[in-house]
Amino acid sequence: MPSLRRTMALTRYHLHKRNCVGIFPLLCAFLCGVLLTALIANTSPTCSPTGRVYDPENSYFLILLIVTAPENFERRSTIRETYLNLRPRMINESYQEELIHIPPLNERGHVQLESVAKQRQLLGNYRAWQQKPIKNIKVINFKIKPLFAIGLYGQPKNVRRAIYEEQRVFGDILELEQLQDSYANLTAKVLHSMRKIDEKYDFKYLAKLDDDTYVKLDLLAEDLLSYYEKLHQVQQQQQQHKTENHPNNNNHHKGAPLLELYWGYFRGAATIQKHGVWQETDYTLCDRYGPYALGGGYVLSKGLVSYIATYAEQLSLYKSEDIAVGTWLAPFRNIHRRHDVRFDTAWKARACKDYHMLLHKRTARHMRDLYAGELCTHEEDQPDGKPAALPKEYFYDWTQPPSSCCKTAV
């Protein structure tokens, strides 16, 4: 401000002398003073922009929200050394056409989910695609951000110091300072994590994962990228069709919402837990849980994460976070609930298949084996190498009520 006062004082002195020769430079000096004042005003902290950060450093295609406990350093280290090093590598033109299905809307604007026959066809196409030669094609502008969510409230000083040091070294810890980390707080942990991620990051999709889930990240990313590209192609074609058929009606079908993705292995026949650690006392909607993607791993599009983050204070905190997410998203008509048997994400591992993309209940050693190309070593750990009473894989029949959803074996 002193330079501005000197400029204005100099201007007043020369104008008082009525020196016509000096008027032009004086006017320039005055304008420079005004400009300098504006620049100083605009740098005030009270005028700085607020809200979500959209700079490239915080913009990602896929966020990996990995739920972990403070003491599970070995699991986090194993994940960093294994599947986080994988990236899309099998791009080819046939994938989108043969394996990606974008469901249409019915006349009331509800998503028409895949039939059992369609699910069977897509799985068959994928198994045939697995036999094709790998093409190493670099994917441009495809960024993945892993975040290990840890609640820090009430943690001893030595634990907090260890977590802070881990964050300093790796930069991938989502620190939840106000959350006490425990099984009882799992739903709140996922809710707090989504809220914090939505506030800080710009992204297209979020994958919620447990830290004992192995992800074939190259395949997941390839599929998700192809899905995103095909979705935009379909939306552009639909918009062009509407414009051609209704050129003078800008409001035609304006109410049709954009398609959101909820991708995982769905269950629809689960009864309410009445006993044990998962006893549910607040679920009064029905005598069964509504359809939900099993919690070992599932994918949500950004719009759904933002919705959950926005209404976090009003949402019911049911005991199981995967049931909670399914319940929170139940009313929406524009969600593609994509049931995928390639997600082995239940509380117990199913029989090992080479087409599984997400594999729950794997130890650190199993993850390293998977990364090395050995798919089924977890089964070898069972007595006689023959695991008994494994869950059966099923296609989801969306035409049936949830209690009869899951009887069609793969």
Side-chain angles (χ1 to χ4, degrees), residues 61-62 92-129 204-207 220 222-268 290-293 298-307 325-326 328-343 357 394-402 404-408 410:
F61 181 78
L62 175 62
N92 63 54
E93 295 178 357
S94 67
Y95 195 98
Q96 285 188 26
E97 297 306 317
E98 297 175 9
L99 287 101
I100 301 299
H101 174 69
I102 305 299
L105 305 179
N106 64 19
E107 65 278 1
R108 295 185 298 115
H110 290 248
V111 176
Q112 295 179 283
L113 298 175
E114 291 92 345
S115 65
V116 168
K118 187 65 175 179
Q119 294 173 46
R120 183 179 286 112
Q121 176 193 355
L122 292 173
L123 179 61
N125 290 350
Y126 179 78
R127 302 195 74 173
W129 179 82
K204 303 299 181 187
Y205 297 99
L206 177 144
L220 179 76
E222 154 70 1
D223 193 290
L224 197 55
L225 183 62
S226 296
Y227 182 94
Y228 177 76
E229 291 174 344
K230 189 167 184 177
L231 175 62
H232 278 261
Q233 291 173 9
V234 170
Q235 289 175 338
Q236 289 174 357
Q237 292 169 0
Q238 291 173 343
Q239 186 61 42
Q240 183 179 357
H241 177 74
K242 293 173 185 178
T243 303
E244 291 174 352
N245 288 274
H246 304 274
N248 298 321
N249 187 359
N250 293 328
N251 293 321
H252 182 71
H253 286 315
K254 259 192 175 180
L258 295 176
L259 195 67
E260 300 287 354
L261 179 64
Y262 183 15
W263 181 22
Y265 190 81
F266 281 80
R267 189 179 183 192
Y292 64 96
Y298 53 84
V299 176
L300 299 174
S301 55
K302 181 180 183 297
L304 300 182
V305 177
S306 295
Y307 163 76
V325 170
W328 298 337
L329 301 178
F332 292 93
R333 63 186 171 97
N334 64 319
I335 294 179
H336 180 193
R337 291 173 176 83
R338 187 183 177 194
H339 176 74
D340 200 329
V341 300
R342 295 176 297 173
F343 284 46
M357 187 180 294
Y394 55 82
F395 296 115
Y396 199 108
D397 191 348
W398 297 102
T399 66
Q400 299 297 316
S404 302
C405 67
C406 308
K407 298 180 179 180
T408 307
V410 174

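A cation-pi arrangement is found for R342 relative to Y126, the charged atom lying closer than 6.0 Å to the ring centre and inside a 45° cone about the ring normal.
In this structure, F343 has its ring center under 6.0 Å from that of W263. Between Y227 and Y95, the ring centre distance reaches or exceeds 6.0 Å. Residues F332 and Y262 place their aromatic rings such that the two centres sit no closer than 6.0 Å.
To the nearest 0.5 angstrom, I102 atom CD1 is 7.0 Å from H336 atom NE2. Atom-to-atom distance recorded for I335:CD1 and Y307:OH is 9.0 Å, nearest 0.5 angstrom. Distance OH/Y265 to CG/D340: 10.0 Å, rounded to 0.5 Å. In this structure, CD on Q237 lies 10.5 Å from CD on Q235, to the nearest 0.5 angstrom. Rounded to the nearest 0.5 Å, atoms NZ (K302) and CG (L258) are 12.0 Å apart. Between the NZ atom in K230 and the CG atom in L225 there is a gap of 14.0 Å [rounded to 0.5 Å].
Taking the ring pair (Phe, Tyr, Trp, His ring centres under 6.0 Å) definition, one finds that Y298 meets it with nothing, sequence neighbours left out. Partners of H101 by ring pair (Phe, Tyr, Trp, His ring centres under 6.0 Å), not counting sequence neighbours: none found.
No side-chain heavy atom of Q112 sits less than 4.5 Å from a side-chain heavy atom of L105. A 4.5 Å side-chain heavy-atom check between W398 and R337 finds at least one atom pair inside the cut-off. Side-chain contact check for H339 versus Y394: some heavy-atom pair is nearer than 4.5 Å. Using a 4.5 Å heavy-atom threshold, the side chains of L259 and V234 count as separate. Two residues are said to be in side-chain contact when any heavy atoms from C-beta on lie closer than 4.5 Å; Y228 and L261 fail this criterion. Side-chain atoms of D397 and K407, non-hydrogen and from C-beta on, never get closer than 4.5 Å to each other. In this structure, R120 and T408 have side chains that are in contact, with non-hydrogen atoms separated by less than 4.5 Å.
In this structure, S226 and Q96 approach most closely via the heavy-atom pair CB-CG, 3.6 Å. When all heavy atoms of E114 and L122 are compared, the closest pair comes out as CG-CD1, 4.5 Å. Nearest approach of G264 to A293, heavy atoms of both residues: CA-CB, 4.1 Å. The nearest pair of heavy atoms linking Y396 to C405 is CZ-CB, 3.4 Å.
By the 6.0 Å contact criterion, NZ on K204 is open, its count of non-hydrogen atoms from other residues, nucleotides or ligands being 12 or less.
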Checklist entry - Does the side-chain contact (heavy atoms from CB on, under 4.5 Å) test come out yes or no for V341 and Q119, once each step is laid out? => result CA-CA 9 Å; V341 300; Q119 294 173 46; 5.6 Å; no

